[in-house]
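In listed order, ligands and their atoms are each counted from 1. The model shown is predicted, which means the values in this text are computed figures rather than measured ones.
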Amino acid sequence: MTSQEVRARREGVVGADARTRRHREILDGTVLGLVSAAVAIGVAQLVAGVVNPRSSPILTVGQSAIDATPEWMKSFAIRTFGENDKTVLLAGIASTLLLLAIVLGIASVRRLGAGIVGLAVFGVVGVAAALTRPTSNPSDALPAVAGAVAAGVTLVVLRRSISPAEGAATLAAPRGREERPWMMDRRGFLLTGAAGLVAAVAAGGMGNLFARRFRADESRAAVSIPAPSSPAHAAAGAEISASGLGPFFTPNDRFYRVDTALLAPAVMAEDWRLRIHGMVDREIELDYEQLLARPLIERDITLTCVSNPVGGRYAGNARWIGAPLRDLLEEAGVHAGADQIVSRSIDGFTVGTPTAVAMDGRDAILAVAMNGEPLPIDHGFPVRMVVPGLYGYVSATKWVVDIELSTFDAFDPYWIQRGWAERAPIKTMSRIDTPSPFLDLRAGEVPIAGVAWAQHVGIERVEVSVDDGPWQVAELAAEDTIDTWRQWVYRWNATSGEHRLKVRATDRSGLTQPADRAEPFPDGATGHHEIVVRVA
Ligand SMILES: Nc1nc2c(c(=O)[nH]1)N[C@H]1C(S)=C(S)[C@@H](COP(=O)(O)O)O[C@H]1N2
Ligand SMILES: [Mo]
């Protein structure tokens with residue numbers, strides 16, 4: 001082979017290599033650019049969701065673009081795209097971004113520095129847009145900064161997985177060593193790229209969840225609950241003070257929470273609508289303002305979960321404000337035979353309440369306030385049901401948006417499908433809250449105190465037994481209403497040694513809590529709460 005032949009062949013091969021290389025550069029650069037852009041947006045959305053959803057670079061840059069658009073172009077856009085002008089703008093921003101991302105990605109395959117500089121420019125634009133918004137805070141720059149940094153890291157990591165040595169293999173490199181790493185790294189490169197994409201989508205999704213929650217918090221903060229036309233009366237004397245015994249009203253932040261929602265649904269009061277339909281003469285649809293404009297009543301009601309074991313904490317007492325459910329149902333005109341009210345939460349959870357119970361004159365309400373505040377998000381903001389006397393799973397739908405008059409035959413709600421009882425009035429129960437079994441007690445007077453509940457029936461008597469001795473009548477706090485729990489105390493003359501304390505309540509129907517233990521499934525626990533204490 002002459003030296004000329006060698007050169008010709010080499011050039012031919014090199015020419016083919018160069019073409020392949022150029023294709024790969026474009027392909028890899030596109031992946032590089034798109035994945036980095038996705039990570040930038042995902043991370044920026046996540047940080048914005050935590051800091052302030054309005055500081056999302058998509059919004060701040062978009063808004064700045066609108067502000068900078070000349071008037072004639074704006075009116076052209078509105079004339080041409082009408083209602084869709086914002087969508088067109090966002091689509092425009094997105095495609096520009098994608099295009100620039102691809103260009104930067106391709107540039108970084110050759111020279112990483114070019115990509116980094118381009119990214120920095122993006123970051124600066126994002127920060128500038130965030131900080132020049134009229135109501136901006138310095139922290140609004142964080143999403144753009146975090147997005148740019150995350151994209152930078154992604155770019156470097158991905159770029160390295162294309163060619164771990166030093167940049168793209170140069171044309172001068174011996175062929176054997178040049179091809180191998182390129183081929184082998186392809187899998188690594190694509191896997192890393194896919195991982196980046198998944199992380200970006202996850203971050204963005206989480207950011208949007210946070211952002212929704214943030215907006216629901218804002219919505220809740222802006223709500224003001226009108227004074228009830230029928231206020232609750234003062235709960236005078238309903239509270240006994242004994243250390244270890246909780247307050248008569250359970251503070252919202254200590255109120256038990258039970259629901260099937262991993263993350264509490266974030267519903268904006270402005271968006272909330274309730275539809276009452278099914279077996280009714282007239283469907284009703286109302287929004288939050290219309291609900292607040294109705295006569296509101298304020299009532300003290302103790303909620304209890306059917307899953308509460310004997311001695312458990314899944315019970316809480318609050319002062320609620322809400323619109324009577326019965327009035328609404330009467331306006332709708334419930335058909336005879338519609339024996340079940342199916343209420344549905346925005347997340348699809350369903351509850352079935354006997355129509356007769358909701359209509360029998362008790363204070364069944366669509367509640368909007370809890371202990372003097374708009375309903376907390378976790379407790380059903382903006383609106384939940386509360387029906388005195390029924391366990392939560394058959395009455396207390398949080399985030400309620402739909403009420404359908406139906407029959408027990410026609411539909412099984414969420415927990416009924418899972419075997420829990422169709423009808424579940426709260427069982428009469430009593431609990432010892434103090435002393436706690438772990439307390440060091442001294443001989444002498446020791447108050448034994450707790451709560452007892454028999455919602456919508458009322459507590460008649462509470463008795464305590466020490467070491468299986470005779471039942472002794474405890475002192476009862478004043479009755480607030482028959483819908484609330486009642487505190488009680490028994491002043492025990494403790495002697496040293498180990499003692500067994502137990503409690504039982506008798507309700508106004510004359511029923512005394514049975515000693516037989518039943519598990520919560522399928523319609524609520526029974527049995528006496530019992531503790532063992534040691535007295536020095
Ligand atoms: N949307 C919705 N509402 C719901 C539930 C639920 O899972 N989802 N759980 C119910 C149950 S079982 C109970 S005991 C009460 C608890 O109300 P709380 O979390 O405000 O104490 O809510 C009821 N309302
Ligand atoms: Mo419950």
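From the protein, the heavy atom lying nearest to atom 17 (O) of ligand 1 is Arg384 NH2, 3.0 Å. Considering only non-hydrogen protein atoms, atom 21 (O) of ligand 1 sits nearest to Tyr256 O, 2.7 Å. Nearest protein heavy-atom contact of atom 24 (N) of ligand 1 is Ala396 O, 3.0 Å. Atom 5 (C) of ligand 1 has its closest protein heavy atom at Phe349 CE2, 3.4 Å. For atom 9 (N) of ligand 1, the nearest protein heavy atom (residue, atom name, distance) is Val258 O, 3.2 Å. When only non-hydrogen protein atoms are considered, atom 19 (O) of ligand 1 lies nearest to Lys398 NZ, 2.5 Å.
Between Ser345 and Asp347, the side chains place a donor N or O and an acceptor N or O closer than 3.5 Å (distance only, hydrogens not considered). In this structure, a donor-acceptor pair under 3.5 Å is absent between the side chains of Gln513 and Thr428. For the residue pair Asn137 / Ser139, no side-chain donor-acceptor distance below 3.5 Å is found, with atom types taken as modelled. Using modelled atom types, one finds no donor on one side chain facing an acceptor on the other under 3.5 Å when comparing Ser136 with Arg54.
Judged by distance alone, the side chain of Arg486 and the main-chain N or O of Ile459 form a donor-acceptor pair under 3.5 Å. Judged purely by atom type and a 3.5 angstrom limit, Gln417 uses its side chain to pair as donor or acceptor with the backbone of Asp412.
Residue Phe255 places no N or O, backbone or side chain, under 3.5 Å from any N or O of ligand 1. Checking only distances, Trp415 never comes within under 3.5 Å of ligand 1, N or O to N or O. For the pair Arg257 and ligand 1, the shortest N or O to N or O distance does not fall below 3.5 Å. Checked by distance only, ligand 1 and Asp378 stay at 3.5 Å or farther apart across all their nitrogen or oxygen atoms. For a threshold of 3.5 Å applied to N or O pairs, the pair formed by His379 and ligand 1 contains at least one separation below that value.
Considering each of Cys305, Gly348, Ser395, Gly392, the one bringing a non-hydrogen atom nearest atom 10 (C) of ligand 1 is Gly392.
Close approach of ligand 1 to Ser345 is summarised as follows: ligand atoms under 4.0 Å from at least one heavy atom of the residue are 1 (N). Of all the atoms in ligand 1, the ones that sit under 4.0 Å from a non-hydrogen atom of Tyr393 are 11 (C), 12 (S).
Trp492 has its side chain out of reach of Gln472: every pair of non-hydrogen atoms, C-beta onward, lies at least 4.5 Å apart. Residues Asp483 and Arg362 fail the side-chain proximity criterion, which asks for heavy atoms closer than 4.5 Å.
Using a 4.0 Å cutoff on heavy atoms, Met385 does not count as a contact of ligand 1.
In this structure, CH2 on Trp272 lies 9.0 Å from CD on Gln290, to the nearest 0.5 angstrom.
Using a 4.0 Å cut-off between heavy atoms, Tyr414 makes no contact with ligand 1 at all.
Counting only residues at least two apart or on different chains, the salt bridge (charged side-chain N to carboxylate O under 4.0 Å, His left out) pairs with a member in residues 393-404 are Asp259-Lys398.
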